[in-house]
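All remarks here apply to the structure that follows.
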Amino acid sequence: MNFSTITIAGSGVLGSQIAYQSAFKGFDVTVYDINDEALEKAKERIEKLKGRYQEDLGASEQAVQDAYSRLTFQSDLSKAVQGADLVIEAIPEVVKIKTEFYNELGKVAPEKTVFATNSSTLLPSQFAEATGRPEKFLALHFANEIWINNTAEIMKHPGTDNNVFEEVSQFAEAIGMVALPLHKEQPGYILNSLLVPLLNSAELLLSKEVADVETIDKTWMIGTGAPKGPFAMLDVVGITTAYNIVNAKAVATGNEEFKKLANLLKTEYIDKGKLGTATGEGFYKYPNPSFEDPDFLK
Ligand SMILES: NC(=O)c1ccc[n+]([C@@H]2O[C@H](COP(=O)([O-])OP(=O)(O)OC[C@H]3O[C@@H](n4cnc5c(N)ncnc54)[C@H](O)[C@@H]3O)[C@@H](O)[C@H]2O)c1
């Protein structure tokens, strides 16, 4: 793997994390966003990450400062990608924004530069032509809180060069991820292909009034030995994301069960500010949710 100079495009929730993690593992990283205001926000976000690396990973003060010093912030795209071996795109999940970005990036980036998208729901083949270099383009998908949840799903589109796929996998390992190769395009990658149907099924059991939240979670936990049930997982994902998935399905299919479920999530949870662990309450109350009680599984 010959990558040493990395550019992260989009410095929001995930972009900041990918940038800081790569710098923490010794790479020189340029952080690109549309203007200086967005970059100032990224700096604040990354300042907070320093604390999390110390708390969660036991990183030293020196190590978190050194990582920060390997970051450069830039709002001019052609300057941001000058000399880049790899550009990781983490800009909004909007087709038009991403297409325009790749059109521009393809023009200003050096010929050698590999492009990777962190998109959660859009397939790389959708943007391959816009990049102008389909063989050097693929998906590299991280999970939120990358320094703890260290999966990197690496997914080809039909035109991706195998050597590029290998190099990006090696880069993912070099920044402390577990590289998880997907040899074909798959909406939702591996994790969400498994997780979304599970979570949807649990939510439907609730809205059909088959069983309550705690009974459903208990069944899953005792039956599989998992430390959390689907509703505890949903509290981490966030009820807003869960609602968006279910509502999109309701709109696309007109399915009555999904409509009823979307309505339940909206009126009983979102409208009441119960958005999950982020607001201290979702399906459970935090801290000390009942599923963590030693007697919960009895
Ligand atoms: N949030 C998550 O948990 C998560 C997890 C995995 C993957 N993703 C994916 O990562 C991508 C970004 O998600 P996010 O949650 O970090 O979004 P975000 O809204 O937090 O950040 C997006 C950033 O992109 C910037 N931006 C907007 N237009 C731009 C452009 N044309 N060029 C450069 N930067 C631009 C914005 O200023 C902002 O800083 C999406 O594709 C999403 O699917 C998100």
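Order of appearance sets the numbers: ligands from 1, and atoms from 1 within every ligand.
Considering G15, A90, S120 only, the shortest heavy-atom separation from atom 22 (C) of ligand 1 involves A90. Across G12, A143, A38, S75, heavy-atom proximity to atom 21 (O) of ligand 1 is greatest for G12. Looking at L77, I91, L14, I8, it is I91 that brings a heavy atom closest to atom 11 (C) of ligand 1.
Side-chain contact check for T215 and D212: at least one donor-acceptor pair (N or O, by modelled atom type) lies under 3.5 Å. Side-chain atoms of D36 and S75 include a donor-acceptor pair closer than 3.5 Å. Using modelled atom types and a 3.5 Å distance limit, the side chains of D76 and S78 yield a donor-acceptor pair.
Ring-plane geometry between Y53 and F24 is classed as perpendicular, the angle between the planes exceeding 60 degrees on a 0 to 90 degree scale with a lower cut at 30. Between F291 and Y284, the ring planes lie perpendicular to each other; the angle is over 60°, past the 30° to 60° tilted range.
For atom 6 (C) of ligand 1, the closest non-hydrogen atom of the protein is F142 O, 3.1 Å. Nearest non-hydrogen protein atom to atom 30 (C) of ligand 1 is I34 CG2, 3.5 Å. Ranking the protein heavy atoms by distance from atom 42 (C) of ligand 1 puts E93 OE1, 3.7 Å first. The nearest protein atom to atom 3 (O) of ligand 1, hydrogens excluded, is given as N144 CB, 3.6 Å; this is a heavy-atom distance. The shortest contact between atom 10 (O) of ligand 1 and any protein heavy atom is with N118 ND2, 3.0 Å. The protein non-hydrogen atom at the shortest distance from atom 28 (N) of ligand 1 is P92 CD, 3.7 Å.
Atom NZ of K218 has more than 12 heavy atoms from other residues, nucleotides or ligands within 6.0 Å. Other residues, nucleotides and ligands contribute over 12 non-hydrogen atoms within 6.0 Å of the NZ atom of K112.
Of all atoms in ligand 1, listed by their number and element, those nearer than 4.0 Å to a heavy atom of G10 are 24 (O), 34 (N). Atoms of ligand 1 found under 4.0 Å from any heavy atom of K98, numbered from 1 in the order shown, are 40 (C), 41 (O).
Residue contacts with ligand 1, taken as heavy atom pairs separated by less than 4.0 Å, do not involve K41 at all.
Look at E100 and you'll find every heavy atom at least 4.0 Å from all atoms of ligand 1. Under the 4.0 angstrom criterion for non-hydrogen atoms, A9 is not in contact with ligand 1.
Among the atoms of H141, none of the N or O lies under 3.5 angstrom from an N or O of ligand 1. The shortest N or O to N or O distance between V13 and ligand 1 is under 3.5 Å. For a threshold of 3.5 Å applied to N or O pairs, the pair formed by D33 and ligand 1 contains at least one separation below that value.
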ask   = For K43 and E40, what are the C-alpha separation, side-chain angles and deciding distance, and is it a side chain to side chain contact (heavy atoms under 4.5 Å, CB included)?
value = CA-CA 5 Å; K43 288 177 190 165; E40 285 308 314; 3.2 Å; yes
